[in-house]
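Here is the structure we will look at.
Computation of the quantities below employed the complete heavy-atom set of this structure, encompassing side-chain atoms and omitting hydrogens, waters and symmetry-equivalent molecules. In the text below, chain A, chain B and the rest are named by the order of the sequence lines, each starting its count at 1.
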Amino acid sequence: MNHLIDILQLTEAEIDELIAVAEDIIANPAKYAEKCHGKKLATLFFEPSTRTRLSFEAAMYELGGNVLGFSEAQSSSASKGESVSDTIRTVGCYADIIAMRHPKEGAPVVACQSSTVPIINAGDGGHNHPTQTLTDLLTIHREKGTFSGLTIGLCGDLKFGRTVHSLISAMSRYENVKFVLISPDELKVPDYIIEDFLEANNIEYVETTSLEEAMPELDILYMTRVQRERFFNEQDYIRLRDSYILDMEKLKGAKKDMCILHPLPRVNEIAKDVDNDPRACYFKQVLNGKFIRMALILKLLEID
Amino acid sequence: MIIGQIKNGIVLDHITAGMGMELYNLLGLDRLNCQVALIKNAESKKMGKKDIIKIDEEIDFDVDALGYIDTNITVNIIKDGKLFKRKHLEVPEKVVNIIRCKNPRCITTTEQELPHVFKLTNREKKIYRCIYCESKGK
């Protein structure tokens, strides 16, 4: 059974293959319009989402398939105390593939243990978000043409930002990549990311609190939102939420071809006027998310 | 202090001094009906001081749990009053329900029937991580 729980389950060759299929989908959408005819995707979102859920659904519709599911835990039997494993066994009776988001870290691992159909982790708490990483990788590839030799700045909530963790683990496999980790002390990258990916692979990295100082050397700036839903204490959230705001003034120090990414949604961490700057790639990223998810669905359903 | 020999059972020897009681609790030896002796701070040529546990019955226990706590421990199986087998322990690849995940965001906090499984991710530093959320075992 094929599942995607962690981006590292995919080899670099498999990522290249997914990117190639996504590029082909972009170039020849009609070729893929009926590939999933008769197949059903279940989107099980125990936690709200706009982009991830809708992009999965749009992806399946564009492949000619159908979609069922729920968009919040309250409208599922989880609200009655049903376990993840029972929900998955049930949904496996109705769907050919499941995309699942859950607020608890590791829930997709539990789902895989009882599933009869492929599971895609669409985000588990502050842990992993592999399809966002595939989206990020497709965007980086389309904008920069390579994964090697890039200096990547990650800015904001690096502690609970699951997209950050997945992106670091994926990019750690490429040559001459450098990470600049920009965050307040309270929201630094977890120790396992430092130990298991950066230090274990001898990847160059710097931790800093200053976005302005880091800016000039960056090829990619990956902004993130400080996520209210990850804090147990509202006061901590309020204190940290405005730590970094990217505006045109701060961009003055950036390279002309720097690529600004953001997994979205944003609150105020990127000023609106940055949207019109050619370096802003976050809405391209949104569109790329649909194409790479189409490629992933085809791969996991083993459809050529 | 004299503690008699056992006929059929298990002797856990070379336990790091002070760890005996933790091991006693972890293995659930308090629930046994047979004789169990916990010897603290026994003299040892090799270790200076050590703890020893003698169990006067052949019981099944989690060898991985012992290896997780202390690889110095030797497990001596006694049959008919003689040493039948001696096992040396290794750091286990996986431990189940020995350490509990303390991450409040881990799925194990809401699905309490799930086993707490930790996988060895760094043998040199003896780091274990939760298989669900990857938090470090403490």
Notebook entry, point to check: Passes side chain to side chain contact (heavy atoms under 4.5 Å, CB included), A:His127 versus B:Cys106? Steps please.
Noted result: CA-CA 9 Å; A:His127 187 214; B:Cys106 181; over 6 Å; no
Next item on the list: Step by step, work out the side chain to side chain contact (heavy atoms under 4.5 Å, CB included) result for B:Glu134 and A:Asp196.
Entry: CA-CA 11 Å; B:Glu134 296 182 89; A:Asp196 293 357; 5.7 Å; no
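For the atom pair A:Ser83 OG and B:Leu114 CG, the distance stands at 8.0 Å (nearest 0.5 Å).
Annotation for A:Lys159: atom NZ does not count as buried by contact number, only 12 or fewer foreign heavy atoms lying within 6.0 Å. Heavy-atom contacts from other residues, nucleotides or ligands closer than 6.0 Å to NZ of B:Lys7 number 12 or fewer. More than 12 heavy atoms of other residues, nucleotides or ligands sit less than 6.0 Å from atom CD of A:Glu207. Atom CD of B:Glu43 has 12 or fewer heavy atoms from other residues, nucleotides or ligands within 6.0 Å. Enclosure of atom CD in B:Glu90 is not indicated, since only 12 or fewer non-hydrogen atoms of other residues, nucleotides or ligands lie within 6.0 angstrom. Residue-environment remark: CD (A:Glu204) stays at or below the threshold of 12 foreign heavy atoms within 6.0 Å.
Looking at every heavy atom in both residues, A:Val109 comes nearest to B:Ile131 through CG2-O, 3.8 Å. Residues A:Gln113 and B:Tyr132 come closest through the heavy atom pair NE2-CE2, 4.3 Å.
At a 4.5 Å heavy-atom cutoff, the contact between B:Ile127 and chain A is made by side-chain atoms alone. Neither the backbone nor the side chain of B:Thr108 comes within less than 4.5 Å of any heavy atom in chain A.
By the 4.5 Å heavy-atom criterion applied to side chains, A:Tyr192 and B:Arg129 are counted as neighbours.
Although no hydrogens or angles enter the test, the distance criterion places a donor-acceptor pair under 3.5 Å between the side chain of A:Lys104 and the main chain of B:Pro104. At distances below 3.5 Å, not a single donor-acceptor pair connects side-chain atoms of A:Glu105 with backbone N or O atoms of B:Ile107.
Put simply, of A:Val110, A:Asn128, A:Ile5, the one with the most heavy-atom pairs under 4.5 Å next to chain B is A:Val110.
Counting only N and O atoms by type, the side chains of B:Asn122 and A:Glu195 include no donor and acceptor under 3.5 Å apart.
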